[in-house]
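Order of the sequence lines sets the chain letters (A, B, ...), proteins ahead of strands, with each chain counted from 1.
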Protein chains: 2
Amino acid sequence: MATGRPHRPTTRGRGIPEATVARLPLYLRALTALSERSVPTVSSEELATAAGVNSAKLRKDFSYLGSYGTRGVGYDVEYLVYQISRELGLTQDWPVVIVGIGNLGAALANYGGFASRGFRVAALIDADAAMAGRPVAGIAVQHIDELESIIADNGVSIGVIATPAGAAQQVCERLVAAGVTSILNFAPTVLSVPDGVDVRKVDLSIELQILAFHEQRKAGEAAAGPDITDMVTPVVPPVAATRRRADDVPARPVVDGAAPHGVGDAGSGPDGSDGGRSAAMPA
Amino acid sequence: MATGRPHRPTTRGRGIPEATVARLPLYLRALTALSERSVPTVSSEELATAAGVNSAKLRKDFSYLGSYGTRGVGYDVEYLVYQISRELGLTQDWPVVIVGIGNLGAALANYGGFASRGFRVAALIDADAAMAGRPVAGIAVQHIDELESIIADNGVSIGVIATPAGAAQQVCERLVAAGVTSILNFAPTVLSVPDGVDVRKVDLSIELQILAFHEQRKAGEAAAGPDITDMVTPVVPPVAATRRRADDVPARPVVDGAAPHGVGDAGSGPDGSDGGRSAAMPA
DNA sequence: GTATCTTTGTGCACGCGTTCACAAAGGCAT
DNA sequence: ATGCCTTTGTGAACGCGTGCACAAAGATAC
């Protein structure tokens with residue numbers, strides 16, 4: 001293949017696949033650790049182990065950035081740190097605002113990983129007037145009325161939403177209207193945004209639910225013989241009219257509308273829309 | 001296709017694809033909201049919109065669980081809430097422990113999404129003796145010396161790690177040795193665990209870095225003409241010996257080892273291994 | 001009972017991401 | 001200078017996930 005050319009898998013515009021982009025920070029972290037130990041070079045094998053991925057994948061990922069390795073030797077740590085940082089846009093300094101200074105918002109403000117590595121907390125914003133002026137992580141909280149001017153004055157393009165679910169969409173719209181084009185959302189809601197705005201979602205309870213699924217699967221398999229496919233998802237006997245209907249489950253309705261409310265035991269949290277109180281904005 | 005049979009895409013054991021499992025909590029959340037508004041049924045189209053996915057995908061996802069819809073009508077909300085809850089293992093109550101009660105750990109302890117929906121915070125654990133006994137979110141923090149007995153006494157199988165990066169692997173090993181088989185890791189480290197243990201990772205700084213990448217891409221495309229492929233990733237002129245070498249980047253070394261340390265400007269955070277101080281355990 | 005209309009369930013095709021396996025590249029020893 | 005040995009870079013195959021499009025199913029109206 002042509003030696004020095006950049007690749008363009010499909011989209012043309014910067015051919016780096018999403019999956020690769022998502023791993024670059026992992027590599028960067030591992031490389032930074034090596035750099036601090038003054039390790040001059042790494043092989044793809046070593047680095048892959050440190051980053052918790054497969055070495056072939058790592059090499060292919062790097063191949064999208066260009067040819068930065070030396071055959072028979074490996075990759076130069078410092079050089080690679082620089083290249084990945086640049087590719088991720090970390091050679092510049094990104095001002096971010098955090099909206100919703102509750103427990104989570106405060107934790108984020110104190111999070112060291114933001115300050116290092118190119119991100120700077122430009123402002124902490126909360127809707128509670130009582131919070132205004134109070135210092136969190138060394139920064140005075142500002143009232144949400146000033147959101148627009150803060151964004152404009154600091155040239156903020158990345159916003160973090162750590163409000164309760166109910167407030168998230170509204171905050172999101174204000175952020176976008178003020179010029180923010182990337183949002184990291186911690187509120188358990190689906191945000192709708194115009195084209196051109198990126199949203200990434202971090203949802204604590206979803207992660208736990210996924211773990212619970214696997215935990216249950218493990219428990220089920222351990223308890224039953226290895227061939228009981230149907231412990232958890234019982235199969236209908238090849239005959240039965242409509243599917244299975246366990247004894248203690250809400251009866252499968254027949255279009256008749258208005259099923260009795262609150263029958264299932266799980267999934268009936270009394271609050272807004274599930275785990276909504278991730279962060280404050282108490283007033 | 002055979003009408004009533006469960007599917008087994010590939011793996012046989014519980015044929016539900018990972019991607020589907022990861023979306024089930026989204027559906028559940030949307031369904032819970034509908035349930036609270038006493039909406040009896042939803043069409044795949046409506047529910048898909050509420051969950052932020054495509055309706056075909058949603059229908060396919062549900063088809064892995066069985067046939068729970070009624071053609072011409074839609075899905076019964078209550079029934080579906082129950083089925084998904086059961087599939088995710090949320091009809092039982094999962095005790096979890098949170099290790100590392102710093103800013104983040106405290107935020108997690110206060111997080112409403114844990115308590116609702118089948119999860120119960122069985123204990124808060126920290127290595128700082130000064131924290132012991134102090135109540136956080138209404139629960140007294142316990143010292144890490146008691147980790148093993150807490151796990152055993154409460155039958156905990158899910159652990160949350162919110163310690164600094166440096167302590168995470170050690171805590172992880174103690175959790176696993178004590179019987180935990182699912183771990184939600186907030187520390188910015190790659191955990192190595194034996195087979196049979198599931199780890200999910202939530203990394204705040206990685207999410208930001210991914211956003212920064214897209215932000216930079218957007219900025220670059222807006223600034224340059226639509227055909228400058230190389231604004232950010234300059235290409236080597238077809239002639240040059242070794243690849244490009246910008247003016248202010250670490251020189252590409254030639255196997256000669258010991259590159260000058262700390263040349264790249266980004267990616268040289270002075271702390272442990274990048275943003276390590278997510279949570280406390282200060283002593 | 002029959003026709004019509006809505007919505008599900010899914011076969012099928014496509015594209016992305018992962019992995020294997022190997023040829024090319026380059027250092028290093030002699 | 002030559003050959004060996006290590007490690008990269010990548011072609012090619014495979015598998016999973018997504019989305020289209022439609023036939024089957026069932027409710028509803030007449």
Side-chain angles (χ1 to χ4, degrees), chain A residues 1-12 15-24 40-49 52-76 79-80 236 241-243 252-257, chain B residues 1-12 15-24 27 40-49 51-76 79-80 236 241-243 252-257:
Chain A
M1 156 177 279
T3 25
R5 285 253 312 306
H7 321 259
R8 53 187 61 174
T10 301
T11 338
R12 202 241 75 187
I16 303 182
E18 261 308 298
T20 295
V21 172
R23 280 187 295 267
L24 291 181
T41 60
V42 260
S43 68
S44 63
E45 198 67 54
E46 293 168 320
L47 185 54
T49 303
V53 303
N54 156 325
S55 70
K57 195 186 299 188
L58 178 144
R59 286 198 300 277
K60 179 142 290 193
D61 283 343
F62 286 175
S63 81
Y64 291 117
L65 308 185
S67 295
Y68 295 145
T70 305
R71 293 161 126 101
V73 176
Y75 299 91
D76 179 76
Y79 190 66
L80 203 46
V236 58
T242 5
R243 304 91 193 158
R252 181 104 189 301
V254 201
V255 129
D256 168 39
Chain B
M1 158 174 280
T3 25
R5 285 252 313 307
H7 322 256
R8 52 187 61 175
T10 302
T11 340
R12 203 241 71 189
I16 303 182
E18 262 307 299
T20 295
V21 173
R23 281 187 295 266
L24 291 182
Y27 302 145
T41 59
V42 259
S43 68
S44 63
E45 198 67 53
E46 293 168 320
L47 185 54
T49 303
V53 302
N54 157 325
S55 70
K57 195 186 300 186
L58 178 143
R59 286 198 299 275
K60 180 147 292 191
D61 283 341
F62 286 175
S63 80
Y64 291 117
L65 308 185
S67 297
Y68 295 144
T70 305
R71 290 164 196 249
V73 175
Y75 299 91
D76 179 76
Y79 189 67
L80 202 46
V236 58
T242 7
R243 300 94 192 154
R252 181 105 189 301
V254 201
V255 127
D256 169 40

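Taking atom CG of residue A:L47 and atom C1' of nucleotide D:dT8, one finds them 13 Å apart after rounding to whole Å. Between the C1' atom of D:dG17 and the CG atom of B:D61 lies a distance of 10 Å, rounded to the nearest Å. Rounded to whole angstrom, the span from the CG atom of B:L58 across to the P atom of C:dG9 amounts to 10 Å. Rounded to whole Å, atom C1' of D:dT7 lies 15 Å from atom CG of A:D76. Whole-Å rounding puts the A:L65 CG to D:dT10 C1' distance at 15 Å. Separating the CZ atom of B:R23 from the C1' atom of D:dT18 is a distance of 8 Å, rounded to the nearest angstrom. Atom CD of A:E18 is separated from atom C1' of C:dT18 by 16 Å (rounded to the nearest Å). Residue A:E45 contributes atom CD, which lies 20 Å from atom P of D:dC5 at whole-angstrom precision.
Taken from CZ in B:R23 to CD1 in B:I16, the straight-line distance is 12.0 Å, to the nearest 0.5 Å.
Between D:dA27, C:dC20, C:dG9, one nucleotide has an atom nearer to the side chain of A:N54 than all others, and that is C:dC20. Minimum atom distance to the side chain of B:S44 is reached by C:dT8, of the listed C:dT18, D:dT7, C:dT8. Closest approach to the B:T70 side chain among C:dG9, C:dG26, D:dG26 is made by D:dG26 (side chain taken as heavy atoms from C-beta onward).
The minimum heavy-atom distance linking B:E46 with B:S43 is given by the pair OE1-N, 2.9 Å.
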Notebook entry, point to check: Passes side chain to side chain contact (heavy atoms under 4.5 Å, CB included), B:D61 versus B:V53? Steps please.
Noted result: CA-CA 11 Å; B:D61 283 341; B:V53 302; over 6 Å; no

Check: Stepwise, does the side chain to side chain contact (heavy atoms under 4.5 Å, CB included) test hold for B:Y27 with B:L80?
Finding: CA-CA 9 Å; B:Y27 302 145; B:L80 202 46; over 6 Å; no

Margin query: Using side chain to side chain contact (heavy atoms under 4.5 Å, CB included), reason through B:T41 and B:T70 one step at a time and then give a plain yes or no.
Written below: CA-CA 10 Å; B:T41 59; B:T70 305; over 6 Å; no

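Residues that satisfy the side-chain hydrogen bond (donor to acceptor under 3.5 Å, both in side chains) test with B:S44, not counting sequence neighbours, are B:R59.
The phosphate of D:dG9 (OP1 or OP2) has a side-chain N or O of A:Y75 nearer than 4.0 angstrom. Under 4.0 angstrom from either OP1 or OP2 of D:dG17 there lies no side-chain N or O belonging to B:Y64.
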Could you run down the sub-3.5 Å N/O contacts of the protein with nucleotides 12-14 of chain C?
unit_1	atom_1	unit_2	atom_2	d
C:dC12	N4	B:K60	NZ	3.2

Name the pairs: protein N/O against N/O of nucleotides 21-24 of chain D, kept only if under 3.5 Å.
unit_1	atom_1	unit_2	atom_2	d
D:dA21	N6	B:R59	NH2	3.4
D:dA24	N3	B:R71	NH1	2.7

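Nucleic acid contact class of B:F62 (heavy atoms, under 4.0 Å, all strands): none.
Between B:Y68 and B:Y79, the ring centre distance stays below 6.0 Å.
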